[in-house]
Amino acid sequence: MQSEEEDEDEERESDILSDDGEVDDFPEIDAASDSDEESEEEEDDTDDLDEEDTLEEDSDADSDLHIFPKSKVVVSDITGQKKTVYPEIEPDYDSDSSTEEDPSRTGNIPMHWYDDLPHIGYDINGKRVLRPAKGDELDKFLATVDDPTSWTTAFDKNTQMDKPLSAEELDIIRRLQAGENPDAEYDPYEPTIEWFTGKGKEEVMPISSAPEPKRRWLPSKWEKQKIMKIVRAIRQGRIVGSKPTAADKKHQFYAIWNEPPSNQPPPLPAPKPKLPTNSESYNPPEEYLPTEEERKQWENTEPEDRERDYLPQKYSALRLVPAFDKFIKQRFNRQLDLYLAPRIQRIKLNVDPNSLLPKLPSPGSLRPFPNYKSLKFTHTKARVRCLSISPDGAWVASGDESGVISLWEVNVGREVKRWTLGSKVGAIEWCPRLDVCFFVAGTEEKLHFLMPPNLSPTVLTMTQSTLAPATLPPATQSSIKWISSSGAVEEGPILVIELPGASGLPRQLTWHRKGDYLASVSSSETQGGVWMHQISRRHSQAPFTKIKGAVQMVLFHPTKPHFFVATQRYVRLYNLAEQKLLKTLMPGIQWISSMDIHPSGDHVIVGGYDRKLCWFDLELSEKPYKVLRYHTRAIRSLHFHPTYPLFASSSDDGSIQIFHARVYSDLMTDPLIVPLKILRGHDVKDGLGVLQVKWVNKQPWLVSSGADGNALVWCS
């Protein structure tokens, strides 16, 4: 047998060495080889027909699996050769996803990384994809009313928007809710395929009954070569084994007390059990024995509420004492005491809760600040929407929604002049220059420049030369018209600026510190809502060609060429000289209503309709340094005092909050914010309270206007 095997190996090696590099043809597979070798060679004609039908069905099934379109062979008109031509592919929407607009290219990453950022990713050009604005619950309800298909949308975390669901996705959701299979084409009652039934399929099984091959019980030649390779490496010294340990090795001795002492205190000992008292004696005195009433009361009391867990009993002799019936329970409780006993002595801290509160100075030491109502000026027709105080602190201009502007004195409250503009007054602002005296009032699509009466000749001449110069500057191409008045200056505006159509009511006016530039914010939510006007050149321009969000307020920096723009949820700081965005403040307010800048220019306060007041330190972070919640309703107005360390906030709850806000020149010292006084004098009307507050220059006085039609002066 061994010689036969050697001959077979030599023949196999000769076949391998005689290989000339050509690949032999793979033998054809005989479908009949799957059947039993010992089956009969003669079969019925019906069986042959069945096998042919089966082969035809298999070929049809293989053709169905060919998903590509069939080709045809044609003769080329150019080369005259045959070529294979495939039909043109008609691309549908489902064939390629490149037609879908997916601006965010961040990929499959956790989207909560962008929760504190104003953007949700980057587009294909590397630019930020800003987070779309989200409405409140009322907006969602209105969307469901206006759009009947809004319930068929789902929130997409990548785009932060609602995307409509297809009919197939809605059908899958319906099937999941009904507890059905998500696949609509799945048939749970399809007929069973008989894989192992029929002639010729009895032995088509994964387990074979063939005899064991010879290689299973012969030693492997490959493993022998591997072992010999390791043996040769050991003999050559390339593999060194571990040295055996000496049998007579002596024990190693060491001092167990050489370890450094621990600084930790030793553990506390286990608590000792209490010693028995006289009442636990087998023969206690008579006064320790309970009466019948005390015994019944002890038995009716819950075990947790009893003073002691036993009743004293009296026996005449020690030999008459029975076995302790609660011995096992007592030992178990003792084990629990040892197991749960604390091993660290904890000292109880007696801390006064008042000592945990920050120590704030008393309001009496922070005077002066307004604390009582001094004057009252009433607009009889409508609510007072806005007011402004002259730079010298002598005059107050207030406007109501009926179009009446009143000029009155701060000291006595006497009305000096009244103008009727005929439409709702949205904003009033005095020019900050001291060599001129005029203010601007905003009505529907117009800005009126008004002068108070009884001006000195020097101030009057300077004001007229500023607003109505003898030589007008060259006209510029703009959609805004500058119209000078031809009538008496005392009776009407000396200058009128007509804003573009559909710009709406100007709801805010703000001056640059030099008094030459005026910025206006209208109720229009387009880029035309913000305009910047230059008085000396009589030129107006829109600083933003495209702005993100509806602008609520704008402010000039008191010392730097910076411009603050507050949208519905963010405050952006722009550099006007370099024309670029410096930073974006994120107050976390749902809807910003008001904003003001500290005279130093390093701090900003932002108020919102959700009752939050955020204090920002521009040198510290883009998030609020402190968030104050003192009002119970929406905040309407905020204002810093130009000279005193004070600021005020007004709300629709009819109250005015006065705060002490001291900012230190040392950057390591935090600002000191102390609430001082709550002023209540306005009535809440139609859900509106105090609409605007303004400080009087060089005096700790405050002027407020409310929805009740009153303008109040608060003094210290």
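Residue numbers count from 1 along this sequence.
The shortest side-chain heavy-atom distance between Tyr625 and Asp670 falls under the 4.5 Å cut-off. A heavy-atom distance below 4.5 Å is not found between the side chains of Val396 and Val713. Annotation: side chain of Leu613 is in contact with side chain of Phe647 (closest heavy-atom distance under 4.5 Å). Side-chain contact between Pro391 and Arg433: absent, with no pair of heavy atoms (C-beta onward) separated by less than 4.5 Å. With a 4.5 Å cut-off on side-chain heavy atoms, Phe616 and Ser621 do not count as touching. Annotation: side chain of Val521 is not in contact with side chain of Gln552 (no heavy-atom distance under 4.5 Å). Between Ser374 and Trp701, the closest side-chain pair of non-hydrogen atoms is not below 4.5 Å. Considering only heavy atoms from C-beta on, Arg513 stays 4.5 Å or farther from Pro558 through its side chain.
The aromatic rings of Phe438 and Trp511 lie perpendicular to each other, with more than 60° between the two planes, well past the 30° mark. Between Trp615 and His598, the two ring planes are tilted [angle within 30° to 60°]. Ring geometry, Trp591 versus Tyr609: the interplanar angle exceeds 60°, so the pair is classed perpendicular (tilted spans 30 to 60°).
Ile547 approaches Val551 most closely through the heavy-atom pair CD1-CG2, 3.1 Å. Of all non-hydrogen atoms in Ser704 and Val693, the two that sit nearest each other are CB-CG1, 3.8 Å. Minimum interatomic distance between Thr106 and Gly121 (heavy atoms only, all atoms of both residues): CG2-CA, 3.2 Å.
Using a 3.5 Å distance cut-off with no hydrogens or angles, the side chains of Trp482 and Ser540 do pair a donor with an acceptor.
Listed by chain and residue number, nothing satisfies the ring pair (Phe, Tyr, Trp, His ring centres under 6.0 Å) test with Trp395 (two or more places apart in sequence, or in another chain). Checked against side chain to side chain contact (heavy atoms under 4.5 Å, CB included), Asp666 has the following partners two or more places apart in sequence or in another chain: Met668, Thr669. Taking Glu137 as the reference, Lys140 meet the side chain to side chain contact (heavy atoms under 4.5 Å, CB included) condition, with sequence neighbours excluded.
Proximity of a side-chain donor or acceptor of Gln692 to a complementary backbone N or O of Leu387 within less than 3.5 Å is detected. A donor-acceptor contact shorter than 3.5 Å links the side chain of Gln160 to the backbone of Lys157. Side-chain atoms of His557 come within 3.5 Å of backbone atoms of Thr559 as a donor-acceptor pair (strictly under, hydrogens ignored). Although no hydrogens or angles enter the test, the distance criterion places a donor-acceptor pair under 3.5 Å between the side chain of Arg131 and the main chain of Tyr114.
With Arg385 as reference, Lys424 is the one residue of His379, Lys424, Arg507 to meet the side chain to side chain contact (heavy atoms under 4.5 Å, CB included) rule. Of the candidates Phe659, Trp695, Phe369, His641 forms a ring-ring contact (aromatic ring centres under 6.0 Å, His included) with just one, namely Trp695. If you run side chain to side chain contact (heavy atoms under 4.5 Å, CB included) between Ile673 and each of Val663, Leu628, Leu360, Ile605, only Leu628 comes through.
In this structure, Ile635 CD1 and Ser593 OG are separated by 6.5 Å, a value rounded to the nearest 0.5 Å. Taking CG of Leu467 as the reference point, atom CE of Met462 lies at 10.5 Å (rounded to 0.5 Å).
Checked against a 6.0 Å centroid threshold, the rings of Trp419 and Phe449 do not count as neighbours. The ring of Tyr574 has its center no closer than 6.0 angstrom to the ring center of Phe563.
Salt bridge annotation for Lys685-Asp683: absent, with no cationic side-chain nitrogen under 4.0 angstrom from a carboxylate oxygen. A salt bridge links Asp116 with Lys623: the closest approach of a Lys/Arg side-chain nitrogen to an acidic carboxylate oxygen falls below 4.0 angstrom.
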